[in-house]
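The structure appears right after this line, and notes come after that.
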Amino acid sequence: MSLLSSIKKRSTLDAAIKQVAQARKADGGRAEQLFKGAYQGFASVVSDQPLVADGLYHWGFALLHEAKTKQGQEAVEIYEDAISKFSFCLLIATNYLGAAIDGGVAFMELARISPDESKPGLYQLAESFFEKACDIQTGSAAYNLACIFALRGDQEACLAALRTARDYGSLPDEPNILQDEDMADVIDQAWFKDFLEEVRAKVAEPKEKLKDVQIDVEPNFKLKKTEDFDYYSKS
């Protein structure tokens, strides 16, 4: 593929990604129009091998978020479509972390709207994606695994996964954990409260060590925030 063609494909992909971001903030017909426009862009990109994995991942990412705006069978079908995109992405790029994590997230979201008898199988499929993510980057989906173990009632495995998430920096903030419906059955357990105390103590340690340290910062220095993909997020 020529340099010019590559630049054009990259531009198409970037434009489609921006449409997804706009669609997530829009409502009704406008959101649907933006999602459809993004899908056309992704479809154009995946016809070219160098960007096919990126195109599939972002296509799946868009579908995952569109599904959350739908109900019933329509939502089910969109989640399944997202999962197929993430799965295809991983076939092409076996170490694509985002596809591994978001593929598991899609199965978890699908489980939420599925009959009770279907949930265990969907959780198992989600677990396989999260384990793949942890193989790619240790601890990256440890919290997601902790949620599955909590839902199954496997408290020992849940605690072990939470500790892994803490140790590798993928543990959400305490308020988010406490509000997480997947953790509802364990947050009142003594071991869980002890774990949170351990986390609080660890967070407090650096503050104690640094409170007397003077840090010189250049007067014009500013922190720049970037909106990279949050692979540790469940949603």
SB check Asp14 Lys18 (cutoff 4.0 Å): no
Spacing of CD belonging to Glu198 relative to CZ belonging to Arg166, to within rounding of 0.5 Å: 5.5 Å
Donor + acceptor pair across side chains of Tyr143, Asn176 (<3.5 Å): no
NZ/NE/NH1/NH2 to OD/OE distance under 4.0 Å, Lys193 and Glu197: no
Rounded distance [0.5 Å steps], CG in Leu34 versus CD in Glu66: 10.5 Å
Gap between atom NZ of Lys36 and atom CD of Gln19 - 0.5 Å precision: 12.0 Å
Check: Tyr79 and Ile113 side chains under 4.5 Å, non-hydrogen atoms: yes
Glu117 CD: over 12 foreign heavy atoms closer than 6.0 Å: yes
Minimum heavy-atom distance between Gly55 and Leu13, given as atom pair plus value: CA-CD1, 4.1 Å
Residue Glu156 excluded, over 12 heavy atoms near CD under 6.0 Å: no
Euclidean distance, Asp27 CG relative to Thr69 OG1, rounded to 0.5 Å: 9.5 Å
Partner residues of Phe130 under the ring-ring contact (aromatic ring centres under 6.0 Å, His included) criterion, sequence neighbours left out: none
Contact check, side chains of Met108 and Leu151, non-hydrogen atoms, under 4.5 Å: yes
Evaluation steps, side chain to side chain contact (heavy atoms under 4.5 Å, CB included), between Ile148 and Phe107: CA-CA 11 Å; Ile148 292 178; Phe107 271 119; over 6 Å; no
Trp191 vs Val186 side-chain heavy atoms within contact, under 4.5 Å: yes
Closest non-hydrogen atom pair between Cys134 and Gly139, with its separation: SG-N, 4.1 Å
Any donor-acceptor pair under 3.5 Å from Asp180 side chain to Asp182 backbone: yes
Residues, nucleotides or ligands: over 12 heavy atoms within 6.0 Å of Tyr39 OH: yes
Working for side chain to side chain contact (heavy atoms under 4.5 Å, CB included), residues Leu162 and Val199: CA-CA 10 Å; Leu162 285 171; Val199 173; over 6 Å; no
Intermediate values then yes/no, side chain to side chain contact (heavy atoms under 4.5 Å, CB included), Phe35 and Leu63: CA-CA 8 Å; Phe35 276 123; Leu63 287 162; over 6 Å; no
Side chain to side chain, Lys85 and Leu64, heavy atoms closer than 4.5 Å: no
Pairwise side-chain contact, Leu159 with Phe149, heavy-atom cut-off 4.5 Å (strictly under): no
Gap between atom CD of Gln73 and atom CD1 of Ile78 - 0.5 Å precision: 10.5 Å
Where Phe129 and Ala100 come nearest, the two heavy atoms and their spacing: CB-O, 3.3 Å
Nearest-0.5 Å distance, CG of residue Asp135 to CG of residue Leu97: 11.0 Å
Side-chain heavy-atom pair Glu174, Arg200 within 4.5 angstrom cut-off: yes
Mutual orientation of the aromatic rings belonging to His58 and Phe61 [parallel < 30°, tilted 30-60°, perpendicular > 60°]: perpendicular
Residue pair Phe192 / Asp185, side-chain heavy-atom distance below 4.5 Å: no
Stepwise side chain to side chain contact (heavy atoms under 4.5 Å, CB included) check, Lys68 with Arg24: CA-CA 10 Å; Lys68 295 177 182 180; Arg24 292 177 64 190; over 6 Å; no
NZ/NE/NH1/NH2 to OD/OE distance under 4.0 Å, Arg163 and Asp167: no
Leu196 and Leu178, any side-chain heavy atoms less than 4.5 Å apart: yes
Closest non-hydrogen atom pair, Ala67 against Ala75: O-CB, 3.7 Å
Pairs touching residues 120-134 that satisfy side-chain hydrogen bond (donor to acceptor under 3.5 Å, both in side chains), sequence neighbours left out: Gln124-Arg152, Glu127-Arg152
Which atom of Val20 lies closest to which atom of Ala62, heavy atoms considered: CG2-CB, 3.4 Å
Heavy-atom closest contact (Ile136 atom, Asn95 atom, distance): CG2-O, 3.5 Å
